[in-house]
Colleague: 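Handing you a structure now.
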Amino acid sequence: MQRQSRKKVSKPKSLSSSLKQSSLTSFFVSKKNATTQSPNNNSTVNIKQHSSGPLTKLEKKNTILVEENIQRNKSYANNENITADSISAITSNNGTTIGSRFFSLSQRSSQNTLDNDPFGEDEPLNTQAKIMKLKQKTNVENLFNNKSRTSSSGLISLSRNNSGFDDIKYNPSFTYKNSISNSNGTSPKNKDYSSSSENVSPSVDLKSILSNKYQKDNDTYKKFKKDLRGKLSSTLRNKSKKVEKSVTLSREQQKVVDYIINDKLNIFYTGSAGTGKSVVLRTVIEKLKSIYGRDAIAITASTGLAAVNIGGITINKFCGFGIGKGSNEKLASMVKNNRNSIERWNRTKVLVIDEISMIDGDFLDKLDYVGRAVRGTPTKPFGGVQVVMTGDFFQLPPVPDRFSKKQPKFCFESKVWQTAIKKTVLLNKVFRQHDNELIDMLNAVRYGDGLSSSMINFIKSLEREVVYEDGIQPTELYPTRMEVEFANNTRLRSLPGMEVRFIARDMVFDIENDTKLLDNSFLVEKELLLREDAQVMMVKNIDDTLVNGTVGIVLCFTTDLLYTKIVLQRKQGAKSLNNELIDKLKFLSKAIGNPNFRYGEDYENFFTALVGDNEKKLWESFIDVAIREKLDDRLPIVRFSTNSGTDSRDELVNFDEFTLEKPKMASRWRNNIDQQAVNGASNTISRSQLPLILCWAVSIHKAQGQTIERLKVNLKKIFEVGQIYVALSRAVSKETLQIQNFDPRKIRVNKNVKDFYKALEKL
Ligand SMILES: Nc1ncnc2c1ncn2[C@@H]1O[C@H](COP(=O)(O)OP(=O)(O)OP(=O)(O)O)[C@@H](O)[C@H]1O
């Protein structure tokens, strides 16, 4: 998996040192004595007796399976090297695999990488120090609290059901990943093992397994894997970095930058959807950072998603008083009693707030009060901090408090607005759409001043279905989350293929709150379910043609290794895979982690239908590799539609990190690592997940701020002012926009917003 190839892997110990360190040279595998010949190296495998009496039904089954697997392994007996880590992981915990869970965690995660192997031979497992050290990098509690903690016998059953006898002994890294999917009960191997795990506790003599031949085979396999690892440059993970399309700011956009940077004004700049407010903001932030330094700029937004788009945090996190329940005095003293909050306020020179339309005016007044109180400058708005606010009040309004009857105010209705904002700028040029008819219609919906009949006819004409020749369906926008989930799940389940589950790994300190924060901040979900032909959207900027918002279809699943061996090495430079190769990869995906593949129908069919005699040997070798790979290492190959649907490119999509900066802690603690661990305080939390979401459907709230090339909007359950405008204004052209259930009576615009903008236009 991508994490493996990114990480700094702790150096495996030599074989002899592994044996020396480990006081135990055997571990439990089966209750009964059995001796059998390892088929590939003639070494003897001893299954020692640990209890007497006749074999139970389960034990008999285990013994038969072990023997069968040994036979099977004749032709493909390569395996991972055993290391001291795996031995200690297995043995040092009296039969529990907590150690191996840690081991695999440290080995697999790019985020977790510690300089040294955390469970080396001279370090006892689970020492407080080690846990503390690891806590800085990952969420230890999360792992321990995980319901699916496995027992030693989990290792046995995995191998029994997975890939033969050798895997029974040496699968140190299986526990962590599989225990995660086990908790969801989907992986067949896990299902099987959980049914039998409790009674099994035999042991195997390690020495006999570690023969020279076996070691040589392992070395070849590992070397092969290692060699390829460096060549995985074509997978998306390695390319993924922040890529911003370079744009030249228009004159009006540049003017905004000048007001902020040169004149240091408190400013609110606005404009309809697509006028480049975010583009301007990103430019401003970069300039501010280079002038004042990163720590002096508070980059915030009203929602987590909006905040992440500009590399910031929510305004509620920044302010130090959450959602602002209580009086001004109470909130100010709350902040004054928190060293971190005080320091944050005091070092801030510029406060940036994006998507201001969703912030309550009363909250803004509280922010002003607290800023003055904490910074000791009662006469200056926000305590003298320069403020930069942007957004469009015609878009989504503040979310009302469920427990209060009070309607939220807009920020321009707050007390501080008049005194603080020295400059207001209205951006006029729309960049997202180029078609005047569409732009006029969007403006009419924005103001809601009654649509002309020709406008309504135009909208009605967009009810038609748009057919896309490449088969990629438009993204549907719905007002409610339930509609979105229903639409995505129904589509996914209608696909015939097997479901593949991708569980994100979160690096958090405060499980409940940080996980919520991650959920709210990123489009990627904790759990992503995919099938062949599922429609997905890329949610990261990869390069010029593959950007946040590009849609695609899952072609098939494979692993990094197979992809490199079959696709990259053989088809260098090819942008798209041919159908024949895709069919072969689909078949091959059934062999991944499946030692029984050669005994099933698929194997026969594969060679009769798809592979000619001349290629048989080659594909046999790929099957060898596939069987040795792990089910959990599967990744999707996605065909993305690029250049407005005129082109496509196929990519193996790998895991990526979505990182979030939490507010900084006080400098007194900053360099004290142990104190950090104790407090659970850290600046960075992250989610590792495929940068994909199912995108047959997305909610309008989540779509705010996005540009969507193929758009289908269902307006039936519209419930919020500005919602229709937000939904429609995501489109880029009328040709790629379909509108369902449009009812002009449902366009609702707040009168105060209209008045505010009318006044602005006269300026
Ligand atoms: N000066 C420019 N030149 C070319 N393209 C631009 C320019 N400014 C913005 N764009 C493009 O216009 C599109 C919309 O920009 P952006 O998302 O910044 O608008 P916005 O005002 O923030 O929209 P929304 O209110 O919907 O969030 C983007 O594709 C962006 O790249």
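Numbering of residues begins at 1 and proceeds along the displayed sequence. Below, all heavy atoms of this structure are taken into account, side chains as well, without hydrogens, waters or symmetry copies.
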Colleague: Distance only, no hydrogens: is a donor on one side chain within 3.5 Å (strictly under) of an acceptor on the other, for Q704 and E355?
Modeller: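 A pair is found: one side chain offers a donor N or O, the other an acceptor, under 3.5 Å apart.
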Colleague: Looking at R649 and E651, is any side-chain nitrogen of the basic one under 4.0 Å from a carboxylate oxygen of the acidic one?
Modeller: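 Yes, E651 and R649 are salt-bridged.
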Colleague: Do you know which of D519, L660, V508 makes side-chain contact (heavy atoms from CB on, under 4.5 Å) with D514?
Modeller: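 Between D514 and the candidates, side-chain contact (heavy atoms from CB on, under 4.5 Å) is satisfied uniquely by V508.
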Colleague: Got a donor-acceptor contact below 3.5 angstrom from the N488 side chain to the A697 backbone?
Modeller: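 Indeed, once roles are kept as given, a pair shorter than 3.5 Å links the two residues.
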Colleague: Distance under 6.0 Å and angle within 45° of the ring axis: does K716 meet both against F742?
Modeller: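 No - K716 does not lie over the ring of F742 by the 6.0 Å and 45° rule.
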Colleague: Just by distance, do the side chain of N596 and the backbone of Y599 share a donor-acceptor pair under 3.5 Å?
Modeller: no
Colleague: Can any side-chain N or O of Q738 pair as donor or acceptor with the backbone N or O of E463 at less than 3.5 Å?
Modeller: yes
Colleague: What do the steps show when you test D633 against D560 for side chain to side chain contact (heavy atoms under 4.5 Å, CB included), and what is the final call?
Modeller: CA-CA 8 Å; D633 286 348; D560 242 356; over 6 Å; no
Colleague: Does atom CD (E525) have a neighbourhood of more than 12 heavy atoms from anything else shown, all under 6.0 Å?
Modeller: no
Colleague: Quick one: pull up CD1 in I637 and CD1 in I553 and give me the separation to the nearest 0.5 Å.
Modeller: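 Reported value, rounded in 0.5 Å steps: 14.5 Å.
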Colleague: Between N741 (side chain) and N714 (backbone), is there a donor-acceptor pair under 3.5 Å?
Modeller: no
Colleague: Report the C-alpha distance between Q689 and I503 in whole Å, list the side-chain angles of each, state the deciding distance to 0.1 Å, and finish with yes or no for side chain to side chain contact (heavy atoms under 4.5 Å, CB included).
Modeller: CA-CA 7 Å; Q689 176 59 288; I503 313 279; 5.9 Å; no
Colleague: Indicate whether any N or O donor in one side chain lies under 3.5 Å from an N or O acceptor in the other, for E476 and Y478.
Modeller: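 Yes, because at least one side-chain N or O of E476 sits under 3.5 Å from a partner of the opposite role on Y478.
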Colleague: Assess the side chains of R634 and T558: does a donor N or O sit below 3.5 Å from an acceptor N or O?
Modeller: no
Colleague: Are any non-hydrogen side-chain atoms of V466 and P474 less than 4.5 angstrom apart?
Modeller: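 Not touching, per the 4.5 Å side-chain cut-off.
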Colleague: Going through the checks in order, is the side chain to side chain contact (heavy atoms under 4.5 Å, CB included) test met by M358 and T303?
Modeller: CA-CA 8 Å; M358 295 183 78; T303 69; 3.9 Å; yes
Colleague: Are R710 and Y468 in a cation-pi setup, meaning NZ or CZ lies under 6.0 angstrom from the ring centre and within 45 degrees of the ring axis?
Modeller: yes
Colleague: Give every donor-acceptor pair under 3.5 Å between a side-chain atom in residues 530-538 and any protein atom, sequence neighbours left out.
Modeller:
from, atom 1, to, atom 2, distance (Å)
R531, NE, E499, OE2, 3.3
R531, NH1, L495, O, 2.7
R531, NH1, G497, O, 3.3
R531, NH2, E499, OE2, 3.1
Q535, OE1, Q473, N, 2.7
Q535, NE2, Q473, O, 2.4

Colleague: Determine whether a donor-acceptor pair (N or O, by modelled atom type, separation under 3.5 Å) exists between the side chain of R748 and the backbone of F719.
Modeller: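 Confirmed, R748 side chain pairs with F719 backbone.
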Colleague: Output yes when E620 and R598 qualify as a salt bridge under the 4.0 Å nitrogen-oxygen rule, no when they do not.
Modeller: yes
Colleague: Check whether R687 reaches the backbone of V524 with its side chain - one donor and one acceptor, N or O, closer than 3.5 Å.
Modeller: yes
Colleague: Drop me the distance from Q723's CD to L396's CG, to the nearest 0.5 angstrom.
Modeller: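 Q723 atom CD to L396 atom CG measures 6.0 Å (nearest 0.5 Å).
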Colleague: Using modelled atom types only, decide if a donor and an acceptor are shared between the side chain of T515 and the backbone of I511 within a distance under 3.5 Å.
Modeller: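 A pair under 3.5 Å: yes.
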Colleague: Does Y603 have its ring centroid less than 6.0 Å away from the ring centroid of F607?
Modeller: yes
Colleague: Looking only at atom types and distance, does a side-chain atom of E483 sit under 3.5 Å from a main-chain N or O of T480, one as donor and one as acceptor?
Modeller: yes
Colleague: Any chance you could lay out the salt bridge (charged side-chain N to carboxylate O under 4.0 Å, His left out) test for E709 and R730, step after step, and finish with the verdict?
Modeller: CA-CA 8 Å; E709 279 194 10; R730 303 305 102 203; over 6 Å; no
Colleague: Please report the C-alpha distance between Q433 and L442 in whole Å, then the side-chain angles of each, then the deciding distance to 0.1 Å, and finally whether the side chain to side chain contact (heavy atoms under 4.5 Å, CB included) criterion is met.
Modeller: CA-CA 10 Å; Q433 300 91 14; L442 292 175; 3.6 Å; yes
Colleague: Cation over ring, K460 on F458, under 6.0 Å and within 45°?
Modeller: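 No, cation not above the ring by the 6.0 Å, 45° rule.
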Colleague: Donor-acceptor pair, K586 side chain versus C556 backbone, under 3.5 Å?
Modeller: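 Checking the backbone N and O of C556 against the side chain of K586, no donor-acceptor pair under 3.5 Å is found.
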Colleague: In terms of ring plane angle, is the pair F606 and W619 parallel, tilted or perpendicular, where the classes change at 30° and 60°?
Modeller: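 The rings of F606 and W619 stand perpendicular, inter-plane angle above 60°.
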Colleague: Could you tell me whether R505 and E657 have a side-chain N and a carboxylate O separated by less than 4.0 Å?
Modeller: no
Colleague: Quick one about S357 and Q395 (side-chain donor to acceptor, distance below 3.5 Å, no hydrogens or angles considered), yes or no?
Modeller: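 Side-chain D/A pair, Q395 to S357: absent.
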